[in-house]
Amino acid sequence: MKLQNLLMPQAGLCMQQDMYFRLNKKVHVSDCQQSLTFRKHGVAWFDTYFNGFSIEKWKKYTVVREVAVTLLLKGRFEIQLCSKEKIHQTISERQLSVTAFDSEEITAVTLPFRSYEEKGMYFIRLEALEDGAQYWGGYYEADIPEEALWPVDIAVNICTFRREPFVKRNLELLRKYILQNPDHEMCGHLQVFISDNGKTLDIPALADKQVHIVPNKNVGGAGGFTRGLIEIMHCLDYRATHVLFMDDDILIEPEALYRTYTILRCRKKEYEDLFVGGAMLRLDQQNIQVEAGAAWYAGNLQSRKSGVDLNTVDGCLYNEIEEYVEYNAWWYCCTPMSVVREDNLPLPIFIRGDDLEYGLRNMKHLLLMNGICVWHEPFENKYSSFLEYYILRNLLYDDALHCPQYSKWQFLRRLYGNVIRQLFYYRYQNVELIFRGVNDFFKGADFLRETDGEKLHQEIMAAGYKARPVEELEMPFEYPAYERSFGENDGRLHAVFRLLTFNGLLLPAKRNNTVSMAQCRPVNFYRAKQVIQYDVISKKAFITEKRIGKSLGYLFRLIPMTGKILSQFERTKENFRRDAKLLTTESCWREYLQIVLQEEVYV
């Protein structure tokens, strides 16, 4: 059975060569990115993110035993099969076998990996023994009895809102490589279900027997993904064994789907309920990893392996080390349908924390593996004012269900910290959003069940800051000032003085400033009167202005809210834990989404 393919860089997908192979100066990549041509003593190493083989994880989670590699070669080569493992700050390498190869035609050669210690990563090293030798691809494989394989049929679950170009691009990729490719092993074992929250997709043009699209209310990711789950559960023509939650605005390597498929087919019985997660890599720096699984820690979110450079062997081997994780975000998370039941659907919390809560509730085993990933726009370049409403409110929901030990004192520290930071930034509308979110939590589960999520979101959007084109601002925008803001810092003593003066709020203002909307810091606002807060992606901005009276007013408003938290926090949490099960039922979701069984149409 073919386990994973050896990949080449692809234009329009990823051209980070070191994520696929490392070459010395005597190896040339063909113009069509289909082959490598060697001069004598040219060397290619495949100890990389996409082409190494995570033997330790394959052994742990699957029934794979003896692994071999098949290579398509022409000419004379020395083929070395090797393994690497990260131990402390060093990399341990073992040479497992050396084989001489010679053929005047492109020939497939299959070689077994034989190792007494199956740790870290397997990989191939090729050295040409003559000019003109060529490499044309290959794959890792294993002999697995058919009776040991699980049937696997994956339903890709996408929620989208007015992102037609992303949806079209990913559908084109999936159709080209899998859905309409009868030679692909996954053909017939993958279908796509799209919830169109914006109701803007051209369904007749995009849908077919393998791509199902339904218009849906604009009820956020939680509502869109849950609508997809309901469609998948009731689709009679395709009985999925797994659902793959996948964002609409990502770029995906189709091989990630295939590796997910083969892992699930080979999984051990004790990992019958295995989740397979995909790492998020940066779209602007495709070799940089943003997150590979995460731990919640009652709201102190920790992204695992953030910032790892996947062009390096050390980074790839660090990925082989498993750490404590509690969930994987829904940019790519393959979930067994055994947990998707009529009484076990996500919470209707619109956005921020729906994937987290569902993972905390259901995930026991999560596998993350090199080569299973998506590329996504980095979050530090994104900012939305309205999210302040959802962040704290949904944290309270998630902790009420999964961290009952989370205390009112812990929450008060977080609340005060969030409010003061927003006051430092003169974002008074955000403070209103925070207060509203906290007050809505105290309304209990009935609030989520009875509130029209779409209408509420429109109100929340209207209550936040609206970015405008910079030419429409009342202040002149200067890009160099924006860039200088990243270098603004102060010493320890001045930082203490700055905080004692409430970030300069108690001192006269003496300047204006221009800062990053998403990456600004309190020092950027010190003794500033007006501040342009600029979004480098949209090229838009909004202005906030220092107002001492407003700042003091919001601090005074914390007093009655503190009393409410001290007196009602524990009781509200207990009531929510008791009532939340009613929110995750299909009947509740059908009412929330305003759908009935007779209205369902499967394209």
Side-chain angles (χ1 to χ4, degrees), residues 1-10 12-16 19-21 46 48-54 57-58 61-62 121 137 139-140 152-158 166-167 169-179 181 184-187 189-192 240-267 274-283 286-293 304-305 308 310 315-316 319-320 325 328-336 355 366-377:
M1 177 184 177
K2 185 190 296 184
L3 301 177
Q4 66 181 62
N5 292 290
L6 293 169
L7 303 180
M8 298 284 288
Q10 293 185 60
L13 191 61
C14 180
M15 292 296 290
Q16 291 281 338
M19 294 180 72
Y20 297 86
F21 35 69
F46 291 80
T48 59
Y49 182 72
F50 282 116
N51 287 331
F53 187 83
S54 302
K57 293 181 180 179
W58 279 97
Y61 292 100
T62 75
M121 173 195 293
Y139 52 87
Y140 295 96
V152 173
D153 294 290
I154 297 175
V156 178
N157 185 11
I158 298 174
F166 289 99
V167 172
R169 179 187 63 189
N170 285 326
L171 285 180
E172 287 173 3
L173 275 173
L174 293 176
R175 284 189 167 112
K176 176 182 177 181
Y177 288 100
I178 300 174
L179 298 176
N181 180 5
H184 197 283
E185 293 86 342
M186 283 189 72
C187 187
H189 299 284
L190 184 77
Q191 292 197 12
V192 181
T241 62
H242 292 78
V243 56
L244 174 57
F245 294 89
M246 194 167 78
D247 273 349
D248 61 340
D249 57 346
I250 53 91
L251 180 64
I252 188 168
E253 164 59 69
E255 174 72 10
L257 290 162
Y258 180 66
R259 294 182 186 183
T260 301
Y261 173 75
T262 56
I263 287 166
L264 293 172
R265 290 214 72 196
C266 302
R267 69 191 188 278
L274 183 67
F275 286 65
V276 179
M280 176 184 157
L281 314 186
R282 293 178 65 107
L283 194 56
Q286 290 188 288
N287 58 302
I288 301 300
Q289 186 168 262
V290 175
E291 180 176 298
R304 296 304 188 204
K305 299 178 172 65
V308 171
L310 301 175
C316 295
N319 267 358
E320 301 291 353
V325 292
N328 198 81
W330 281 354
W331 48 65
Y332 188 106
C333 184
C334 195
T335 303
D355 52 355
L366 172 64
L367 171 60
L368 296 141
M369 187 177 285
N370 281 336
I372 300 179
C373 65
V374 297
W375 289 277
H376 196 289
E377 186 72 37

Original post:
Can you name the salt bridge (Lys or Arg N to Asp or Glu O under 4.0 Å) partners of Arg259, sequence neighbours left out?
Top reply: Glu255
Original post:
Is the closest side-chain heavy-atom distance between Val290 and His376 below 4.5 Å?
Top reply: no
Original post:
So how far is it from Leu366 CG to Cys333 SG, rounded to the nearest 0.5 Å?
Top reply: 6.5 Å
Original post:
Quick one: CH2 on Trp331 to CZ on Phe245, what's the gap to the nearest 0.5 Å?
Top reply: 14.5 Å
Original post:
Under 3.5 Å, is there a donor-acceptor pair between the side chain of Asn51 and the main chain of Leu7?
Top reply: yes
Original post:
Who pairs with Lys2 by salt bridge (Lys or Arg N to Asp or Glu O under 4.0 Å), at least two apart in sequence or on another chain?
Top reply: Glu185
Original post:
Taking only residues two or more places apart in sequence, or in another chain, which ones meet Gln4 in a side chain to side chain donor-acceptor pair (under 3.5 Å)?
Top reply: none
**OP:** Taking side-chain contact (heavy atoms from CB on, under 4.5 Å) as the test, write out the residues that go with Val192, two or more places apart.
**Re:** Val156, Ile158, Leu171, Leu174, Leu179, Ile194, Val211
Original post:
Quick one: are Phe50 and Leu310 in side-chain contact, heavy atoms under 4.5 Å?
Top reply: no
**OP:** Return the orientation label for the Phe46 and Phe21 ring planes: parallel under 30°, perpendicular over 60°, tilted otherwise.
**Re:** perpendicular
**OP:** Among Leu190, Ile263, Thr241, find the residue that satisfies the side-chain contact (heavy atoms from CB on, under 4.5 Å) test when tested with Val152.
**Re:** Thr241
Original post:
Does the side chain of Ile250 reach to within under 4.5 Å of the side chain of Tyr332, using non-hydrogen atoms?
Top reply: no
**OP:** Identify, with sequence neighbours excluded, every residue that meets salt bridge (Lys or Arg N to Asp or Glu O under 4.0 Å) alongside Glu320.
**Re:** none
**OP:** Look at the aromatic rings of Tyr258 and His184 and report parallel, tilted or perpendicular, splitting at 30° and 60°.
**Re:** perpendicular
**OP:** Taking salt bridge (Lys or Arg N to Asp or Glu O under 4.0 Å) as the test, write out the residues that go with Asp249, two or more places apart.
**Re:** Arg163, Lys382
Subject >> Side chain to side chain, Phe275 and Asn328, heavy atoms closer than 4.5 Å >> reply: no
